[in-house]
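Inspection log for the structure reproduced underneath, given as structure tokens.
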Amino acid sequence: MQQVQLINVVKTQFQYKLRTHISMLSTLMLYQIIFIALGILLSSTSFGSGNETFSLSINEYSANNVIGVTMIWSFIAGVILTKKSSKEIMNNFVVNKKSNHLANGLFILLMSVFAGITAFLSHFIIASGVSLIYGVDFLTSQGDLLFNEVFSGIIITILYILLISVIGYLLGGFAQVNKGITIVVIVLCLFGGSISEVMDLYIKVGSFYYSETNIILFSVKILITTAVLFIVAMSVGKRLEVR
Amino acid sequence: MFNFNLAPIIILLVLIGVVISGIIYFRNKLNIMANYPAQFKLVIVYVLFLIVSMFAYMLFITPSNIDEEFATSAEDIDKIKGYTNNIEELGMTQELPEEFLKRQWETEMLSESYSLKVSIHSLQYWLNDLFIIVEETASLKGKVEASLYQLPTVLTSPFITELGDLDMMTTFEVKKTGIVIENLDERNEINFEGIDKPFVLNQFNRNKVTDDYWGRLVGGEQILYIKVPDGTKIEVDEYLESQIKFK
């Protein structure tokens, strides 16, 4: 009976969060549109070659910048969800920390799905734009995606964004408890690369995910990591006052 | 300046129109999203727009669709590969085809002991490999004949497809595996636009990524074919020494 009540509370909170934080998604949409336009106008790599009688120029375009900005946004969105102002919105409800975290978790999941789908599909807008707008002589179509690649690409993007936003959520949670921890983490992220031991750690952690070539194993790794980080984020909040 | 292909744009716009009309129609009928703010609806429309764009691109714009116009037989593909065959073999054992001839000149020799000097700068070559074939022949008395051949440049790539009309002065052929450019009498520019796969797929495509990422520029080699009287002393730049072959 208690379980059913918790589900109902979480559901109500989630719907309310969806309405109140919808501006986050529309902000992402705006960023993506800007970066899609930039992605069409500016090539990511250029190459020129030729001989005395002809020259060859190659410009390559990609949706990488859109995916990159979406990842940054997802981190910031994760942090914003833990901010005091975000919690105060829920004052109208009878909430406890657990239901609030679970509602946030659902919102992060939905946000990641939206962000992952839109970021990956922006590839097609950029590809269409490049094909149709420019006076292209030839198109190198190595970027053509098969249907299975589209689906796996969307899933991978969603998983990366989910992981990053949960990291943001965890750091935001730490910041609520102790700002010092957040500063240490930010300093380590920005300047830790210059310390060889920290750099080695980065490489090891990065390769744990990035060197995985099996999509199922990759998904399992990301989902387990995300779940662990989220549980840690929930336990961090326990020390805070109960509203 | 712009090379618009109107058909796919019109189809894309029609598809977007159908989707948006459908949303507006069913929204009221099924009360979908009635309680959500306008921003939410905008977000949903954005997702639908991207999905429709994906299908439109795959169905109407994707280069693999255009590719079929240029589909060639296995013989044609072999012909392209044939251009990139061993240059030495081509030069030493076969007559160089007339269509590859770029420049030809004849010089009177002052004496039998004339030293023929070959300078890399006089050939104005850049990027290409240069092969020099020297044939000593008794029939030439007091004369040197030099012919500069240039093999076709071949851009090999399974991904290359033509978009629109190519305004080139030179002869070219588009094949499924690449482009053959012959008779390079004028300077031409070729523009490729490549679409990279999103980087999130890289880790799962590692085995498929080869060095020929976008394609490869092959050929365009120059062959200097020199005929001199028997016993002529040949002097060449040090850089070119290894390139000289005597027939």
Side-chain angles (χ1 to χ4, degrees), chain A residues 18-19 22-23 25-26 29 43-45 49-64 67 114 117-128 130-145 147 149-150 152-153 156-157 160 210-213 215 218, chain B residues 1-5 8-9 12 36-37 39-40 42-43 46-47 50-51 53-54 56-57 61-64 124-128 153 155 157 159-164 166 170 179 181 184-201 203-204 206 213-215 217 220:
Chain A
L18 197 57
R19 287 194 190 94
I22 194 70
S23 59
L25 300 185
S26 52
M29 203 177 85
S43 60
S44 55
T45 51
S49 180
N51 56 28
E52 68 197 72
T53 46
F54 92 106
S55 71
L56 169 73
S57 70
I58 301 162
N59 293 309
E60 290 184 331
Y61 300 82
S62 74
N64 291 346
I67 296 174
F114 169 78
I117 291 172
T118 51
F120 193 85
L121 292 185
S122 65
H123 167 87
F124 295 100
I125 298 281
I126 292 173
S128 306
V130 170
S131 308
L132 299 173
I133 292 170
Y134 289 107
V136 179
D137 298 327
F138 296 97
L139 192 74
T140 57
S141 59
Q142 80 274 17
D144 274 5
L145 299 173
F147 261 113
E149 283 182 309
V150 174
S152 55
I156 297 158
T157 314
Y160 270 125
Y210 197 69
S211 62
E212 183 55 66
T213 53
I215 191 166
F218 171 80
Chain B
M1 185 181 162
F2 291 106
N3 187 18
F4 279 108
N5 189 354
I9 297 176
L12 189 66
Y36 286 90
Q39 282 184 55
F40 193 85
L42 196 67
V43 165
Y46 178 61
V47 174
L50 288 172
I51 292 169
S53 303
M54 178 188 76
Y57 180 80
I61 308 173
T62 184
S64 55
Q124 298 177 333
Y125 92 107
W126 177 46
L127 191 80
N128 310 31
T153 301
L155 293 160
S157 168
F159 307 114
I160 293 171
T161 47
E162 188 189 12
L163 282 180
L166 187 63
T170 192
I179 309 161
I181 302 159
L184 295 166
D185 295 328
E186 303 277 340
R187 187 171 175 83
N188 291 279
E189 290 181 5
I190 303 175
N191 300 308
F192 281 85
E193 306 297 333
I195 313 292
D196 277 350
K197 283 184 179 174
F199 72 92
V200 289
L201 286 172
Q203 71 192 89
F204 302 98
R206 268 184 196 154
Y213 181 57
W214 63 270
L217 185 66

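Within every chain, numbering begins at 1; the chains are lettered A, B, ... in the order of the sequence lines, protein sequences first and strands thereafter.
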query = Just wondering, do A:S62 and B:F199 contact through their side chains at under 4.5 Å, heavy atoms?
reply = no
note = A:A63 meets the side-chain contact (heavy atoms from CB on, under 4.5 Å) criterion, sequence neighbours left out, with A:S122, A:H123, A:I126
ask   = Quick one: CG on B:L201 to CD1 on A:I67, what's the gap to the nearest 0.5 Å?
value = 8.0 Å
ask   = A:F120 and B:P198: which non-hydrogen atoms are nearest, and at how many Å?
value = CE1-CG, 3.6 Å
remark   = If you tally heavy-atom pairs under 4.5 Å between each of A:L121, A:I156, A:N64, A:T118 and chain B, the highest tally belongs to A:N64
